[in-house]
Amino acid sequence: MPKYDVCLSFAGEDRPYVDEVARHLTELGVSRFYDTDEQADLWGKNLVEHLDQIYRHDSRFCVMFISEAYARKMWTRHERQSAFDRALVSDTEYVLPVRFDDTEIPALRVGTGYLDIRNRTPRELAEMIAKKVGAPVAGPRPGWEYQLFADTVGLHMRNLKDKRISHEMGSVKPKRMITADVDALDTFMARSRTFDGIINGIADLLSPGRLQSAFGPASKPGDSDKIKYLANSFVEAYENLLDWSADLRGTTTPDRFTALYKAASQLADQPLQQIEQFVEEFAAASVRGTGDLRLTLSYDASLVEAELKKVQTT
C-alpha cells in the first residue's frame, strides 16, 4: 500500500503556493510527500534513489506543478522522470498536472487533463486533490466568503512581489523623456488625476453596495464569482499604484521638475502600506470566518504641493 496519497513535485520558485497547498492538504487529512516536512528523513540519504522510490512507488498520485522554472530544474527533471515511469505501467491516472503557465513538458501528452491554477487558490486546489484521493471534503463553512476573498487576494499579491521590491528600492526603468516645461507640467497634472482615480476606485470597490452584492446580505450566502471579481479588481488597483509610481520614476524631465516628480512618485507609499496591512489583518481574521472590509486610504501631499508651487512660480 502506498505511503502517501500524493507526492508534490514543484520548483523552488513556486514554493510559496505549494506550501499553502501542503498545509491545506494536512488540514483535509490527505497524506502527502512535501520535502520541507521530510528534511530530517532526507538528511544523508542518496536523494536520487530515495526520491525515485517516492515518486515511482510510494504515492497514489503525483501532483506536478508545471512552470517555466519546473521545466528547467535538474531535481524536478529527476522527479518527473520517476513519475512518468510509474505512469507508463499504471492502469489508472497517476500524474496530475497543474499549471502556473503554458510551459511544455517533455513526455506529458498533449491530451492529458490538467488544472490551470493561475486563478485557483491553494485552498481550492487542495480540496480538488482531496476529492481525487477520496478524502471527505466538508461543505462551505460559515464565513467562507471572507476566506475566499482573502485567499484570492493573497494568490495574486504574491505575483507582485518583484514589483513591490522594485518600488521599495526606487528602481528606475526609463519610460519617457520630456524636454519642454509645459509638457512636464501637463503630464504631472494628468498623472495626478490618474492617482486620484486609483484611490477613489478602491473606495468604490469596497463600497457597501458592492460588498453586499458579492458577500450577500445578512444570513444569506455570497456569490463566489463576484467575490473573486472584487478580489481581482482590488489587487489590480494595488498593481496600478505600483505602476503609477514606476511611471513617474521613469520619466525624465527638465531639471526644475525633477524634485516634483520624485515627490509625486512617493505619494503611493502610504496607500500601498495601508493596503498591505489591510490584507494581512483581513487574512488573519478570515481564518475565523470573519473580516472587516473597511479601508480608508490616506496620504500626505504637502511635499508635492510645495514642489508644485516652486515650479509654478519660477
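Start at 1 with the first residue, then count along the sequence. Everything numeric in this text was worked out from a predicted model, so none of it was measured.
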Check Leu293, Leu211, Leu230 against Leu205 for a side chain to side chain contact (heavy atoms under 4.5 Å, CB included) and give me the one that passes.
-> Leu230
Shared hydrophobic cluster for [X] and [Y] (ILVMFWY, side-chain gaps under 4.5 Å):
X      : Y      : answer
Tyr261 : Leu303 : no
Ile275 : Leu155 : no
Val311 : Met189 : yes
Tyr17  : Val63  : yes

Are any side-chain N or O atoms of Arg256 and backbone N or O atoms of Leu260, one a donor and one an acceptor, separated by less than 3.5 Å?
-> no
Those residues that, when tested against [X], pass ring pair (Phe, Tyr, Trp, His ring centres under 6.0 Å) (two or more places apart):
X      : value
Phe257 : none
Tyr70  : none
His57  : none
Trp244 : Phe195

Set of residues satisfying side chain to side chain contact (heavy atoms under 4.5 Å, CB included) with respect to Val89, sequence neighbours excluded = none
Set of residues satisfying side chain to side chain contact (heavy atoms under 4.5 Å, CB included) with respect to Glu27, sequence neighbours excluded =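 Applying side chain to side chain contact (heavy atoms under 4.5 Å, CB included) to Glu27 gives Arg23, His24, Arg123.
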With rounding to the nearest 0.5 angstrom, report the [atom1] to [atom2] distance, [X] to [Y].
X      : Y      : atom1 : atom2 : answer
Gln212 : Lys226 : CD    : NZ    : 10.5 Å
Thr253 : Asp255 : OG1   : CG    : 7.5 Å
Asp116 : Ile66  : CG    : CD1   : 10.5 Å
Lys163 : Glu239 : NZ    : CD    : 3.5 Å
Leu25  : Ser31  : CG    : OG    : 9.5 Å

So which pairs with a foot in [range] pass salt bridge (Lys or Arg N to Asp or Glu O under 4.0 Å), sequence neighbours left out?
range            : result
residues 302-314 : Glu307-Lys310
residues 4-17    : Asp5-Arg60, Glu13-Arg72, Glu13-Lys73, Arg15-Asp35
residues 189-201 : Arg191-Asp247

Test item: [X] and [Y] side chains (from C-beta on) under 4.5 Å apart, heavy atoms:
X      : Y      : result
Leu148 : Ser224 : yes
Phe188 : Thr251 : no
Trp144 : Ile227 : yes
Val6   : Val30  : yes

What pairs of residues pass the side-chain hydrogen bond (donor to acceptor under 3.5 Å, both in side chains) test when at least one of them lies in residues 271-280, not counting sequence neighbours?
-> Arg164-Glu276, Tyr238-Glu276, Gln274-Ser298, Gln277-Glu281
Taking only residues at least two apart or on different chains, which pairs with a member in residues 227-237 satisfy side-chain hydrogen bond (donor to acceptor under 3.5 Å, both in side chains)?
->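 Qualifying pairs: Glu124-Lys228, His156-Asn232.
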Can you tell which of Phe33, Tyr55, Trp75, Tyr34 makes a ring-ring contact (aromatic ring centres under 6.0 Å, His included) with Phe10?
-> Tyr34
Compile the donor-acceptor pairs under 3.5 Å between side chains in residues 128-142 and protein atoms, sequence neighbours left out, one pair per line.
{"residue": "Lys132", "atom": "NZ", "partner": "Glu93", "partner atom": "OE2", "Å": "2.7"}
{"residue": "Arg141", "atom": "NH1", "partner": "Val287", "partner atom": "O", "Å": "3.4"}
{"residue": "Arg141", "atom": "NH2", "partner": "Val287", "partner atom": "O", "Å": "2.4"}

Taking only Lys NZ, Arg NE, NH1 and NH2, and the carboxylate oxygens of Asp or Glu, determine whether Asp243 and Lys175 approach each other closer than 4.0 Å.
->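 Answer for the salt bridge query: no.
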Start with the C-alpha distance between Phe282 and Phe234, add both sets of side-chain angles, then the distance that settles ring-ring contact (aromatic ring centres under 6.0 Å, His included), and finish with yes or no.
-> CA-CA 13 Å; Phe282 190 89; Phe234 181 79; 9.0 Å; no
Closest approach of Val95 and Ala87, non-hydrogen atoms and distance?
-> CG2-CB, 4.2 Å
